[in-house]
There are 2 protein chains.
Amino acid sequence: MSGGVFIKTLVVVGHPQIEDSSTQQFLKEAAKLPDVTWHSLTGFDVNVTAEQTLIKQADRLVLQFPLYWYAAPAILKNWLDQVLTRHFAYPDATGGLIGKELGTVVTLGSPARNFAAGASEGYSLSQVMTPFQALAHKLQMSFLPTFAVDQFGYQSDEKKAGLLIQYQRYLTQVRLGHFNDQANWLVDRLTKQIAAAPEKKRQQLTLILEQLKNNQATLEDLQMNLKMIQDMEDS
Amino acid sequence: MSGGVFIKTLVVVGHPQIEDSSTQQFLKEAAKLPDVTWHSLTGFDVNVTAEQTLIKQADRLVLQFPLYWYAAPAILKNWLDQVLTRHFAYPDATGGLIGKELGTVVTLGSPARNFAAGASEGYSLSQVMTPFQALAHKLQMSFLPTFAVDQFGYQSDEKKAGLLIQYQRYLTQVRLGHFNDQANWLVDRLTKQIAAAPEKKRQQLTLILEQLKNNQATLEDLQMNLKMIQDMEDS
């Protein structure tokens, strides 16, 4: 892990028709952040050494793909099969992924609520993602909760704005799910925005920042703040 | 399903280096049975219509592959991604797989006992295979228990002989796991062997057949018989 609030993240995107996917284009824009490398796979030919170098430079490896038949598309599976050689990946060999985090971002064609026992898909997303959890276990990585994006095309602009922030946090926040880190992540993000903002926005952002720093932020406040930030960015 | 004791089975084999795999060569020999089609994938180019025709002709679809990172290798995943089009596969469209059986034959590099909570792999094979179970659920197929072949290279000849019979049953026996069908499967198999056998073997086989038909067979008898058949085939 790097020393600051931000960590280095490699997003490996496996989508056979990424140019046609409005979801992936949206996420690609959202991923334009410091310390995030967006790496979209283009075919089945893989430069193993180059890919392993990319992995080595990252603290967090995020595999991002549309769920095809409850698994990664072949283009991403091929990448895993080729790049994670025994020598590079196995902890009793080089152990090149030990201590890193493994995240998964999956886009779903059907509502996330359908993934449950008794619902139409019949199995939870956690169950379906077991192979990735087992991979993290094998390579001594920390497995992060899967970030699911369902039915992006049907989401309101407000929901999409929230999704953008949540996705950015998923890519970059240290210790996902810890409240203090969520606050720290926001403080860091706001500080950078204030430096770059025009005068009008700077005052608003500074107010929010002070509120955060004074530890008066509750989770609901934070969520309101997230929305405010987004609205400002859109304006 | 076909009317007799045997059913039509399509074995789709996805192994990137199948010629180097002694396990797959062994299974290929074992699969030389009536009503079994062995279909080994050779690359990422897929003739979707031809593959769909193969599926239509089968009662049982068996996906056979080495477990790579707790999932199918890319060559097989690509086949699934390409061939199971929404139009062909979804029950609310053509529903081309409704009522068929889905089997999975996986070869493991590590012992099967390692696949358990608390063991070195950390997850059961059933957990790992959830995506295939979900696939069967989605397409209204019957999901068969996974047939696992672990550490084939270390197995004794006797174990390999047993494996051969179990694998042949997995490919061809109606209603796997039902004792009566196991007996019927043997009766059918023996009847065919008797017709083709030289005189010396024919008498032995006929004795076994009579025993089976008289319903005196217990599971232990059956297992002994299986071994005897195998010994005769080897002699």
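Quick note: numbers below take in every heavy atom, side chains included, and nothing from hydrogens, waters or symmetry partners.
- When B:L135, B:L76, B:L139 are compared by the number of non-hydrogen pairs under 4.5 Å with chain A, B:L135 comes out ahead.
- Annotation: the span from B:Y123 atom OH to A:H137 atom NE2 amounts to 6.5 Å, rounded to 0.5 Å.
- Residues B:E121 and A:K138 have side chains in contact (heavy-atom distance under 4.5 Å, counting atoms from C-beta outward).
- Ring-plane geometry between A:W69 and B:Y90 is classed as tilted, the angle between the planes lying from 30 to 60 degrees on a 0 to 90 degree scale.
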Next item on the list: Check the pair A:Q133 / B:Y70 against side chain to side chain contact (heavy atoms under 4.5 Å, CB included), numbers first and verdict last.
Entry: CA-CA 9 Å; A:Q133 194 178 6; B:Y70 311 99; over 6 Å; no
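- For A:K28, the NZ atom is loosely surrounded, since the number of other residues' heavy atoms within 6.0 Å does not exceed 12.
- Counting heavy-atom pairs closer than 4.5 Å to chain A, the top-ranked of the candidates B:L80, B:T130, B:D81, B:N78 is B:D81.
- Looking at B:Q82, neither its backbone nor its side chain comes within 4.5 Å of chain A, counting heavy atoms on both sides.
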